[in-house]
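Convention: sequence-line order gives letters A, B, ...; per-chain numbering from 1. What you see is a predicted model, and the numbers here were worked out from it, not measured in a lab. Heavy-atom basis, side chains included; hydrogens, waters and symmetry copies ignored.
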Amino acid sequence: MENIAPALLDWFYKNRRILPFRTDPSPYHVWLSEIMLQQTRVAAALPYYERFLRELPDIPALAACDPEKLHKLWEGLGYYSRVRNLQKAARIVCEQYGGDLPADYDALLALPGIGEYTAGAIASISFGLAVPAVDGNVLRVFARLYNDDGFITDPAVKRLFTARVMDHQPPDAPGDYNQALMELGALVCLPGGEPLCGQCPLADLCAGRKAGRARDLPRKAVPKARKQTEVTVILAESPEGWLLQQRPPKGLLAGLWQPLTFEDTLLEGPGAVRDALEELGLDTGDQPRPLPGAKHIFSHIEWHLHLWRVQLPAQPAPAGCVWASCQALREEYTLPGAFKACKKEMGL
DNA sequence: TGTCCACGTCT
DNA sequence: AAGACGTGGAC
């Protein structure tokens with residue numbers, strides 16, 4: 001196939017979006033933006049990006065940040081391990097590389113939270129190294145360009161596509177080329193529905209378009225059904241504030257805070273709720289009152305939330321729990337989006 | 001309402 | 001190799 005880079009780069013220089021991490025593509029800026037943009041849309045990530053850099057303008061500041069504050073800066077973005085790995089990596093960078101990211105693909109790849117895609121993005125965009133940066137956009141563009149039926153969820157298919165990406169990469173502009181492919185996927189070679197082939201600089205070269213199959217590509221495996229889970233949440237209030245507990249350090253929503261939550265558990269009726277409170281050694285007060293249910297969908301689990309509200313007398317918080325005022329809840333404790341309905345009920 | 005985006009990284 | 005890991009917005 002004819003080399004796509006000339007037409008692609010020409011299009012990119014005329015049509016690319018002005019984004020903050022492009023205005024100053026320092027290694028730290030590109031790193032942070034790429035981590036934030038994993039599984040997250042540009043529009044959703046931008047306000048987080050600006051605030052994060054205001055609070056933590058460089059890698060040493062990130063390394064030194066209080067982990068609880070770090071969670072707070074990420075609250076609402078999801079995949080919280082991303083920000084924990086970001087800090088782990090920042091500390092390694094400070095200890096091993098004097099606070100600057102290494103200009104080396106393999107060294108980047110070895111850092112926590114940096115996989116093939118992110119290592120390639122930083123190496124090519126910030127350091128000008130001739131390596132690939134293949135994300136979902138690029139896989140879609142190449143599935144169509146080559147009219148390739150392979151499942152892009154298959155690692156072997158990804159390797160083949162990556163080799164093709166490198167076949168077209170100009171040695172003097174690897175970063176622009178990688179970004180141009182992603183930008184084309186984001187603005188023109190759109191997922192689902194109808195790609196905007198009329199605006200595509202590669203339309204004449206595109207085998208998928210020629211075959212009338214662009215909209216059917218890429219192919220991917222059928223996703224597994226989500227596990228359905230019943231979850232009971234008790235919003236317990238005392239004169240000291242709301243009762244919060246911290247989640248375990250591993251697994252789903254690790255280390256984040258929540259109201260009293262019983263996963264895989266359906267407490268039926270106020271009697272069962274009161275028993276659960278007494279089980280924790282709490283002095284129960286008024287009769288627990290049921291609230292409207294709620295649903296939260298994770299990528300792999302569906303929570304059916306059963307909410308209760310109860311007023312308790314002033315007393316010490318059980319082990320692993322705290323009483324938190326609304327202000328403390330806003331400023332210090334990170335509650336994941338799964339508890340959106342609870343936050344509303346608690347006046348947050 | 002349900003599906004897709006959303007391969008990204010770690011285990 | 002395959003499952004774990006969040007969220008919100010478009011359609």
- Item | Test log, rule ring-ring contact (aromatic ring centres under 6.0 Å, His included), inputs W303(A) and F339(A) | CA-CA 10 Å; W303(A) 271 9; F339(A) 297 95; 5.7 Å; yes
- Message: Under a 3.5 Å cutoff, is there a donor and acceptor pairing between the side chains of E331(A) and Q327(A)?
- Response: yes
- With no hydrogens and no angle check, do the side chains of W323(A) and E237(A) hold a donor and an acceptor under 3.5 Å apart? no
Give a yes/no on whether any side-chain N or O of [X] is located under 4.0 angstrom from OP1 or OP2 of [N].
X       : N      : answer
Q39(A)  : dG6(C) : no
K88(A)  : dT9(B) : no
H300(A) : dA4(C) : no

Indicate, with a heavy-atom threshold strictly under 4.0 Å, whether [X] touches base, sugar-phosphate, or nothing.
X       : value
T118(A) : sugar-phosphate
A43(A)  : nothing
L252(A) : sugar-phosphate

- Message: For dC5(B), does the base pair up with any side-chain atom of R41(A) as donor and acceptor (N or O, under 3.5 Å, distance only)?
- Response: yes
- Task: Find which nucleotide of DNA chain C each of R159(A) and Q38(A) is nearest to by heavy atoms, and output the residue with the more 5' nucleotide.
- Result: R159(A)
- Could you please name the option among dT7(C), dT9(B), dC5(C) that lies closest to any side-chain atom of S299(A)? dC5(C)
